[in-house]
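Each ligand, and each atom within it, is numbered from 1 in the order the structure gives.
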Amino acid sequence: MTGTTTLTVVLAAGEGTRMRSSLPKVLHPVAGLSLVGHVLSAAPNGKDDAVAVVVGPDHQAVVDEIKRVRPGAAIFTQKERLGTAHAVLAAREAIAKGADDLLIAFGDTPLIGAATFQRLRAALKDGATLAVLGFRAADPTGYGRLLVEGDQLVAIREQADASEAERAITLCNAGVMAFAGKTALKILDQIGNGNSKGEYYLTDAVSIVRELGLRATVIETDEDEVRGINTKSQLAEAEQVMQRRLRQAALDAGVTLIAPDTVYLAADTTFGRDVTIEPFVVIGPDVSIADGAVIHAFSNIVGARIGKKASVGPYARLRPGTVLGEGVRIGNFVETKAAAIDAGAKANHLTYIGDSHIGENANIGAGTITCNYDGFDKHRTEVGAGAFVGTNSSLVAPVKIGVGAYIGSGSVVTRDVPNEALMIERSQPTVREGWAKRFRDMKLLNRKPKH
Ligand code: UD1
Ligand code: MG
């Protein structure tokens, strides 16, 4: 739909008390992204498209998240919660700029898809002044009911104001709407608060459109797409719906998921070609997995770039700032954090690599630990290309191990090691021939009968 501009106003001033959480409702995550983040990602995002978000007072954390996800978004505060139309008008300044299409969405409906916004816009293009997203509710209680005649939407009746006959209607208002931009403000300004709750209802826009002799219409969608989140159970349901979608999208993109239902993805996970993910893998935000990489079972990955043909796990934990080069092998019980591990390097067993750079083809032996923290500050470890770190070594940062150097197993490395050197820290072994037998004999001789 080129040549038209949109403004999406997202209402996020909700209190969310039923979440029983100190986190504002719209910041709860689904697939690693906040509820409001999902809505902002689905909103039209062309270069001429604008977004405005209406937040409650004292919601700095919400403002920060909005700026992170859509840096260009305009943010407005609704000081008093006087209803959905009142909330929309908090963004009056943005609306007055006169985009062609004005879209309204709620910040607590994370499953809304970009295609649905486009369907609503298409209805405007077909001549409607207002297009409302509707759905058939399994249980319509609490929703606004859509009163339709033919292909026209006549009114939306809120639960509290509906007659018994109207309450039997299952076609409900999802809350998402599209207004033709040129008349939007005029319509919104006419909405009053003469209803049982004394609130300014956005839904009253429908009858105003009709009174102006203009057309309002309904676009239907599936209930799953417009689930609003008010409780932790609804949050968990939304997570399941989102995970199903993400798994399906990954499969469609050619990712091999051996047991899709056991794999958790994030909304922003990206995959190359021929990636395989084994069962019981959990992937958090900001992860990319390049061509041919394999993630073995029971791995947990957040904030990591995984290079081509890399192998991760089973039972690996990759934390933020991990960057694995091509063919890197990270094996079982290995944890990495803020670690760049270059092509061909290996850490196959039982290791912690933090605040480190590991050069190409280096070998990090089993049980190697980078001691990156002194109780106050973090320090860096540098391991040169082709270096060999023997098992059970402690690399006490800050420390540099040179290119091609060897570290004897069990060493505590506290000083830099030059290129091609051997560093070994070991006391002389003591072997006493026959000691064990003498010890055992002495013990047996002295043993007193128990009774
Ligand atoms: C609203 C609709 C109802 C629809 C339902 C779908 C109205 C009058 N009713 O009812 O028809 O079926 O959503 O879920 O629009 N908000 C503000 N400021 C306010 C009031 C609300 O920002 O003063 C925001 C809330 O944070 C929320 C959204 O608007 O994101 C909807 O408000 P809510 O109180 O949940 O409306 P419902 O009663 O659910
Ligand atoms: Mg609601």
Counting only heavy atoms not in Arg329, do more than 12 fall under 6.0 Å of its CZ?
no

Does ligand 1 come near enough to Ala12 that some N or O of the ligand is less than 3.5 Å from an N or O of the residue?
no

Heavy-atom protein neighbour under 4.0 angstrom from atom 33 (P) of ligand 1:
no

From atom 3 (C) of ligand 1, work out which of Lys25, Gln159, Arg157, Glu158 has a heavy atom at the shortest distance.
Glu158

Ion pair check, Asp355 and Lys378, cut-off under 4.0 Å:
no

Would you check whether Gly83 has a nitrogen or oxygen atom less than 3.5 angstrom from a nitrogen or oxygen atom of ligand 1?
yes

Nitrogen or oxygen of Gln78 less than 3.5 angstrom from that of ligand 1:
yes

From Tyr201, Phe106, Tyr143 - option closest to atom 13 (O) of ligand 1 by heavy atom:
Phe106

Any N/O of Asn173 closer than 3.5 Å to an N/O of ligand 1?
yes

Closest to atom 15 (O) of ligand 1 (judged by heavy-atom distance), picking from Thr84, Asp108, Leu82, Thr109:
Thr84

Carboxylate-amine/guanidinium contact Asp100 Arg121, below 4.0 Å:
no

Identify whether the distance between the nearest side-chain nitrogen and carboxylate oxygen of Arg305 and Asp286 falls below 4.0 Å.
yes

